[in-house]
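See structure below.
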Amino acid sequence: MRSSNPVFSRRGFSRDNGYAGFNTAPQAGGAAVGTQGNPYATGNPYAQPGAGTDPHAQNPYAQNPYAQNPYAQQGAPQAPVATGNRMTMDDVVMRSAMTLGTVVVGAVLAWALLPVSSTSYGLAVGAALIAFVLAMVQSFKRKASPALILSYAAFEGVFLGVISEMFNSRWSGAPFQAVLGTMAVSGATLLVYKAGWVRVTARYARIGMTIALAFVLVMAVNLLLVVFGVAEDGGLRSMGPLGAIVGILAIVLGAFFLTLDFKQIEDGIAYGAPREESWLAAFGLTMTLVWIYIEMLRLVAIFSGDD
């Protein structure tokens, strides 16, 4: 079951079987991903007691979500995904470059054309709301919509461009430092993931998503308290030490989201996901990187003080 929340929608490229890649079986005739040295290649931690010698018996994660066509009508013959229409790493890289490139173009244009003012701030809020709505619509769709994803990226870029210019007007160089910080967090997370120091399992995902959901709910309550004047100076999101701690926690959650993105991309390629799913991979990566950049921007501003 997939979430309707664009931030927490970590679908694993599955339509009906939950997480597609947590100890699932590869396509028939294909070798298991990372069979040599893979801690999931031997012994299934999710196997039910009494399942016999079959490691996938009664295992809800043992079914390959791409062995059948999730879009075919009920009762119709199931056709496997054509070999030439499967997602590859090149597809993911290209779509991600297009999506992130659209964000960057939107940000640069907003920075250049919209001077810092109350009007530009209003436009930024409007762009953020539109981007959120587009992300929600995409999260409810059964199939990836490139036009919808790129539109989301464009409006997200406008929002980022305006707030980046605002931060830069007060804390010179903050956006550049935030970009470097985002790259550092992303690179370090990828290194940790590829080295096998973090194992993305169903339990790992459930615990992490529970913490992330609790974080968002607390931040929503904090926002309401600030709006109604109960909490002063931003409450938990103040520009002081407490705000820095919350910001660091948010960045750690962003790194957690990245590990889910990496796992889903890896599994989507391994299990023969349709090529169109690479747009969902790009969509997820873009949302995660935007999350990390915004939190990094706030953190840089906090550590810069009133300089």
Side-chain angles (χ1 to χ4, degrees), residues 1-21 24 27 33 64-72 79-107 127-128 130-160 182 186 189-190 193 200 205 254 257-293:
M1 181 180 296
R2 66 188 178 99
S3 167
S4 61
N5 189 312
V7 175
F8 298 118
S9 181
R10 294 299 190 255
R11 294 188 277 185
F13 308 114
S14 174
R15 293 294 183 262
D16 302 306
N17 295 323
Y19 293 102
T24 55
Q27 284 189 333
V33 178
N64 179 358
Y66 303 111
Q68 295 182 340
N69 183 358
Y71 306 110
V81 179
T83 303
N85 195 38
R86 295 175 183 171
M87 185 174 76
T88 65
M89 184 58 71
D90 288 343
D91 294 327
V92 175
V93 171
M94 183 173 65
R95 269 66 170 188
S96 298
M98 292 174 63
T99 307
L100 290 172
T102 302
V103 172
V104 172
V105 170
I130 293 174
F132 175 77
V133 170
L134 292 175
M136 289 292 291
V137 172
Q138 174 57 65
S139 71
F140 278 107
K141 290 177 65 68
R142 288 179 59 86
K143 299 176 66 175
S145 171
L148 202 59
I149 292 172
L150 291 177
S151 297
Y152 155 79
F155 283 103
E156 195 71 78
V158 172
F159 167 70
L160 293 180
T182 301
S186 303
T189 304
L190 179 60
Y193 177 81
V200 180
F257 289 143
L258 276 179
T259 62
L260 297 189
D261 291 331
F262 296 154
K263 176 65 174 175
Q264 291 166 3
I265 292 171
E266 184 179 60
D267 289 344
I269 295 173
Y271 301 123
R275 178 170 292 170
E276 65 182 14
E277 299 282 340
S278 60
W279 280 108
L280 293 179
F283 182 49
L285 280 173
T286 300
M287 288 193 298
T288 301
L289 292 175
V290 167
W291 170 296
I292 295 174
Y293 172 77

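With contacts defined as side-chain heavy-atom distances shorter than 4.5 Å, the pair K141/L148 qualifies. E277 places none of its side-chain heavy atoms less than 4.5 Å from the side chain of Q264. Using a 4.5 Å cut-off on side-chain heavy atoms (C-beta onward), W279 and L150 make contact. Between F262 and V200, the closest side-chain pair of non-hydrogen atoms is not below 4.5 Å. Side chains of K263 and Y193 form a contact here, defined as non-hydrogen atoms less than 4.5 Å apart. Looking at heavy atoms from C-beta onward, L285 lies in side-chain contact with I265 at the 4.5 angstrom threshold. Side-chain contact between L190 and L258 is absent, with no heavy atoms from C-beta onward closer than 4.5 Å.
Taking every heavy atom of both residues into account, Q138 and A144 meet most closely at NE2-CA, 3.6 Å. When every heavy atom of A135 is checked against every heavy atom of M287, the shortest pair comes out as CB-SD, 4.5 Å. Shown here for D261 and T288, the closest heavy-atom pair between the two residues is OD2-OG1, 2.8 Å.
Annotation: the span from T88 atom OG1 to M94 atom CE amounts to 8.0 Å, rounded to 0.5 Å. The CE atom of M87 lies 9.0 Å from the CG atom of D267; values are rounded to the nearest 0.5 Å.
Taking the side-chain contact (heavy atoms from CB on, under 4.5 Å) definition, one finds that V133 meets it with V137, sequence neighbours left out.
Side chain of T99 to backbone of S96: no donor-acceptor contact under 3.5 angstrom is found.
Within a 6.0 Å sphere centred on CZ of F155, other residues, nucleotides and ligands contribute 12 heavy atoms or fewer.
Using bins of under 30°, 30° to 60° and over 60° for the plane-to-plane angle, the ring pair F257/W291 lands in the perpendicular bin.
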